[in-house]
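As a basis for the values below, the full set of heavy atoms in this structure was taken, side chains included, without hydrogen atoms, waters or symmetry mates. So that the names make sense, note that chain A is the first sequence line, chain B the second, and so on, each numbered from 1.
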Amino acid sequence: MSYLDELNDHQRQAVQHINGPSMVIAGAGSGKTRVLTYRIAHLIKNGADPFSILSLTFTNKAAKEMKERIASVVGYSEARNIWMGTFHSVFAKILRFEADKLGYPKNFTIYDSQDSKSVIKGILKEMNLDDKIYKPGLVFSRISGAKNNLISPQEYLNNKDVHISDEASGKPKLGEIYAAYADRCFKAGAMDFDDLLYKTNVLFRDHPQSLHAYQHKFKYLLVDEYQDTNYAQYLIVRKLAAVNENLCVVGDDAQSIYSFRGANIQNILNFKKDYPDYVLFKLEQNYRSTQTIVEAANSVIKKNKDQIQKNVWTSNDMGEPIALLRANTDNEEGRMVAQSIFEHKMNEQLKESAFAILYRTNAQSRSMEEALRKMNIPYKIFGGLSFYQRKEIKDLLAYFRLICNPKDEEALKRVINYPARGIGQTTIDKIILSAREGQHSPWDIVKEPAKFALPINKGTAGKISEFVTFIERFHHSLSIISAYDLAFEVAQSTGILKDLYTDKSPEGVARYENIQELLNGVKDFSEQRKEQGGEDRLDEFLMDVALLTDADQADEKEDYVSLMTIHASKGLEFPYVYIVGMEENLFPSQLSLNSRSDLEEERRLFYVAITRAERQATMSMANTRYRWGNLTYCEPSRFIDEIDTNFVKFPSNWDRQLSDVSDLGFGQEKSSWKSFNKKEDSSPNSYQVKEKPKPISNVPRGIPKNLKRIPQQSDTNEYTSVEGVEVGMDVEHARFGKGKVVKLEGSSPETKATIFFPGSGKKVLLLKFAKLKLLPDTS
DNA sequence: TGCCCGGGTGTTTTT
DNA sequence: CACCCGGGCA
């Protein structure tokens, strides 16, 4: 059977349109990925050279999956040669080739956000600026915004409007900081994430012959998730496409959720201006979800003003109504969700991987996590602190970075005295100071301290020179030995491996395992490169690793419930989806309430969340929730009310009236959204017709703010109600696994238990802290 | 030089 | 609540 037979008419037309610009507006679940993959396969079948195809995706994982699917049509030997990946990874690769044109080393470092902020902190210190006013995170996002809009430091400094607005916000030095930051990164041979796009634009602007080469190399361009491209990305695409105009962009304006990082829906809306003879394809049939889900999602998104007209429909069954869960506390919400998952799993014999829990903010994962753990439901959290951001991983990676690129200042600062080798802060400060004076990199200073008259004593000089020799030795072997051999060698001879091995505390053990995992990762990389004939070098590995996302490391083998932010769920699908924290000020986020466009983005986010579900979507909320350690009261999200009620099943404890907030002692504080809503809501009567609202049962009322937590029945925690623990019992610990209680001492709540874990040995744990679960007696 | 404590502070969302 | 930072102490 031909792959073309697997497509509906619209899809097939989009696939068969080979020449000239085209845009595919693809509703949620309408087989967008299928169109992209088959279109590429079709190109190759029709004689296109895989090397001439550039396909830009949103995640590396999506690229990998697409490649596999294309390979199944045209064969692996063809598919492997397609240029496919995220903007960031594809252009990082290109920048590597062209680095010398921009004055960067081939082995330039990619700074992550932590590195960037650390650079900014250093600059603030040197410029004597208050980091309470110039908050590093804020400064960074400002710089990021400038780069995404291709504004250079010079242009930033020269722009009057920008200057006026910075002055008005009390931060007149932002331009200078930006300039210093760019300079500092350049001297360190480092690019941040935004530079990968920004510098690509610089390359194409200042080196026409280079642009020309890529324009002719890439005869076919495909861009996925076009609605979430920013200006820098847009311009790269436009330039590359300028010669052949074989450009196909795919997207859905209703799923644009990244404007906060510069994404611009206008890129979709302006497509016809740039390519007047473009062909438009609309994919409107949804194959993913039940009719209920599709219609419910439609009823929500139609409240947005800014959108391209389309009609997403499905021929699937009606399916189950959208369920709604209402809990009294965030912990109870977790329990209700876990319970619901458990029931579906049992009743319908489903695997854990059929479920996903989606939330607005990462902080919400905790209550979910706890509840799942208590019920022994395996889960995996995506996002949050990623593997590569852990301290021990960053430390070892910093060695790798420094070895590949000695100018990397952040890496140098990180490892020059780790493990401790007697080069203290004072010495580091002197090195940095000397580097700044002479416009050198710290590495230049460290290499020849005497030449720069670094005021240090003999002992320190000796230690520094030892360190330099150490790094240089590895630097020279970079092109000689394999990535893995070098990585292992570094981990061992720095003493990091041994240090962590001797540390038998739970944290130490976990750190050791993480380092092992990283080394395994390098090993995989080395082996892969050997098989595929690529260069097996540590610097190549680093380049790869810097741009990996959490979403990239999902492995299909294991079975688990997926927990992630809605943003991270983009492009994914699950039979059962739980959208938790459906509360005003949380979702929609409080920060979005001031502007219509921000609120519309939140609504699109909600649309994305609902449309991840294949069979059923469930929403949940809590009446009270801990935020910043304080108990706060929550109102149901307006989004719940925006769904056509025909598609929602309200639970018995659902009081559709909004509770009277003044009853809760908040007075005016929370009423702002109501008045806002009156202005914006298309049905002005929706709130006024309601009778005097009844208070929600069980919500403590009339209690002043900052109250102590009120113990509630539903709040008792199985893990910490440890009264039942006795000597000889089998228990399970979140980290150590199963174990046996050997000894108990002290009295509650200070009871200490000595427990023997076959995996980790004897541990003494304070019962009130240990996350213990009692296991049934197996003897 | 390194660790521990206390206070202050802050939550969207990510390559 | 949880993190980060700075200051004080061993």
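Below 30°, between 30° and 60°, or above 60°: for A/Phe587 and A/Phe639 the angle between ring planes is above 60°, a perpendicular geometry.
Within 4.0 Å of A/Lys117, counting heavy atoms only, lies no atom of the nucleic acid at all. Residue-level contact check: A/Thr426 touches the backbone only, with heavy atoms under 4.0 Å from sugar-phosphate atoms and none from bases. Note on A/Gln590: nothing from the nucleic acid sits closer than 4.0 angstrom, heavy atoms only. Contact annotation for A/Phe58: no contact, since no heavy-atom pair falls under 4.0 Å across all strands. Within the 4.0 angstrom heavy-atom criterion, no nucleotide atom of any strand lies near A/Asp112. Counting non-hydrogen atoms under 4.0 angstrom, A/Lys135 reaches the backbone sugars and phosphates but no base.
Among C/dC1, B/dT14, B/dT9, the nucleotide with an atom closest to any side-chain atom of A/Arg366 is C/dC1. For A/Thr565, whose side chain is taken as the heavy atoms from C-beta onward, the closest listed nucleotide among B/dG2, B/dT15, B/dT13 is B/dT13.
The nearest whole Å value for the distance from the CZ atom in A/Phe87 to the C1' atom in B/dT14 is 15 Å. In this structure, CE of A/Met564 is placed 12 Å from P of B/dT15, rounded to the nearest angstrom. Spacing between atom CG of A/Leu547 and atom P of B/dT15 amounts to 10 Å, rounded to whole angstrom units. Rounding to whole angstrom units, CG of residue A/Asp228 and P of B/dT13 are separated by 16 Å. Following rounding to the nearest Å, A/Arg421 (CZ) and B/dT1 (P) show an atom-to-atom distance of 14 Å. One interatomic measurement links the two molecules: CD1 of A/Ile423 to P of B/dT1, which rounds to 10 Å at whole-angstrom precision. Across the protein-nucleic acid pair, A/Lys61 atom NZ and B/dT14 atom C1' stand 16 Å apart, rounded to whole Å. Per the geometry, CG belonging to A/Leu586 stands 10 Å off P belonging to B/dT13, to the nearest Å.
Residues A/Val237 and A/Leu221 share a closest heavy-atom pair of O-CD2, 3.9 Å. A/Ala188 and A/Asn405 make their closest contact through O-ND2, 3.1 Å (heavy atoms, listed as atom of the first residue, atom of the second, distance).
In summary, the aromatic rings of A/Phe193 and A/Tyr111 are positioned with their centroids too far apart to meet the 6.0 Å limit. Taking the six-membered ring where the residue is Trp, the centroids of A/Phe58 and A/Tyr258 are separated by under 6.0 Å.
Across the interface with DNA chain B, nearest-nucleotide mapping of A/Gly424 and A/Ser589 shows A/Gly424 to be the residue nearer the 5′ end. Where A/His567 and A/Gln425 each meet DNA chain B at their nearest nucleotide, the meeting point lying more 5' is that of A/Gln425.
Judged by centroid separation below 5.5 Å and plane tilt below 30°, A/Phe260 stacks onto the base of B/dT13.
Taking 4.0 angstrom as the limit, A/Asn630 places none of its side-chain polar atoms (N or O) nearer than this to OP1 or OP2 of C/dC1. Distances shown here put a side-chain N or O of A/Asn417 below 4.0 Å from the OP1 or OP2 atom of B/dG2. Between A/Lys132 and B/dG8, a side-chain N or O to OP1/OP2 separation shorter than 4.0 Å is absent. An OP1 or OP2 oxygen of B/dT15 is reached within less than 4.0 angstrom by no side-chain nitrogen or oxygen of A/Asn60.
A cation-pi contact, defined as under 6.0 Å to the ring centre and within 45° of the axis, links A/Lys391 to A/Tyr418.
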